Amino acid sequence: MKILKQSVYLFWIISVIGIVGYIVLHPDSFSVESITASLGKFQSELLLVYAIVSILRGIFLLPATPFVLGGAVLFPEQAWLVLLISMLSVFLSSTAIYYFSDLLGFSKQLEARFPKQLQVWKARLSHPRAVLYVLGSTLIPIFSNELICYVAGLVKMPFLYVIFGVMLSSFAVFYVYIYFGKSVVGLW
């Protein structure tokens with residue numbers, strides 16, 4: 001288990017360093033012209049790439065907001081498909097992070113440093129009203145759904161409470177984002 005934990009850490013660190021390094025070394029690759037040209041080359045595969053990137057973004061705890069807005073702008077005529085892909089992305093990443101939150105071993109460190117606070121949150125998040133905590137926090141766009149799922153997994157909040165709150169709030173927020181994204185495209 002220790003080797004698996006170290007491998008996960010190493011993969012995550014190398015991936016983040018690689019992405020940041022590429023951005024720093026090739027900033028021109030992220031200009032509007034460069035992105036537009038790249039998207040034009042892969043028009044037929046673009047929806048598949050969008051789906052894969054949307055699903056993988058949760059591994060890096062990246063918020064879904066830019067991906068949903070990007071999907072709405074790229075595929076204004078396929079808004080329901082963008083919504084479906086976004087919801088699938090949140091479901092898969094939230095579920096994986098909830099169940100694998102303890103894999104990295106942070107719960108033991110939290111229990112050692114904050115035993116009383118952790119017991120209080122375990123009690124709060126074990127109640128059916130805990131869905132309201134999840135709903136409230138995931139309706140705020142700056143919070144990552146996956147981060148909420150990570151904490152909920154650490155304190156062992158019942159999975160159904162977590163996923164119900166995340167999916168309900170995500171649907172509402174994504175619907176507004178997609179409608180807004182389509183409106184922006186309509187202005188152009």
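As the structure is a computational prediction, the values presented were derived from the model and not from experiment.
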Participant: What do the steps show when you test Val134 against Tyr161 for side chain to side chain contact (heavy atoms under 4.5 Å, CB included), and what is the final call?
Facilitator: CA-CA 8 Å; Val134 176; Tyr161 298 166; over 6 Å; no
Participant: Measuring from atom OG1 of Thr95 to atom CD1 of Ile163, what distance do you get when rounded to the nearest 0.5 angstrom?
Facilitator: 4.0 Å
Participant: Applying ring-ring contact (aromatic ring centres under 6.0 Å, His included), name anything that partners Phe159, two or more places apart in sequence or on another chain.
Facilitator: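 ring-ring contact (aromatic ring centres under 6.0 Å, His included) list for Phe159, sorted by chain: Tyr98, Tyr99.
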Participant: Indicate yes or no: at least one non-hydrogen side-chain atom of Phe174 is less than 4.5 angstrom from one of Val90.
Facilitator: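 SC-SC contact between Phe174 and Val90 confirmed.
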Participant: Look up atom CD1 in Ile55 and atom OH in Tyr50, then write down how far apart they are to the nearest 0.5 Å.
Facilitator: 10.0 Å
Participant: Given 3.5 Å as the limit, does a donor-acceptor pair link the side chain of Tyr22 with the main chain of Ile17, or not?
Facilitator: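 Flag not set: sc Tyr22 to bb Ile17 has no pair under 3.5 Å.
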Participant: Is there side-chain contact between Leu48 and Ile52, with at least one heavy-atom pair below 4.5 Å?
Facilitator: yes
Participant: Measure the spacing between CG of Leu92 and CD1 of Ile97 and express it to the nearest 0.5 Å.
Facilitator: 11.0 Å
Participant: Please give me the minimum heavy-atom distance between Met157 and Val131, naming the atom from each residue.
Facilitator: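 Closest approach of Met157 to Val131: CE-N, 4.2 Å.
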Participant: Give the table of side-chain donor-acceptor pairs shorter than 3.5 Å for residues 79-89, with sequence neighbours excluded, one pair per line with atom names and distance.
Facilitator:
from: Ser86; atom 1: OG; to: Val82; atom 2: O; distance (Å): 2.8
from: Ser89; atom 1: OG; to: Ser54; atom 2: O; distance (Å): 2.5
from: Ser89; atom 1: OG; to: Arg57; atom 2: NH2; distance (Å): 3.4

Participant: Could you tell me if the side chain of Phe91 sits less than 4.5 Å from the side chain of Val166, heavy atoms only?
Facilitator: no
Participant: Hydrophobic clustering (ILVMFWY, side-chain heavy atoms < 4.5 Å, transitive) - are Ile13 and Val24 grouped together?
Facilitator: yes
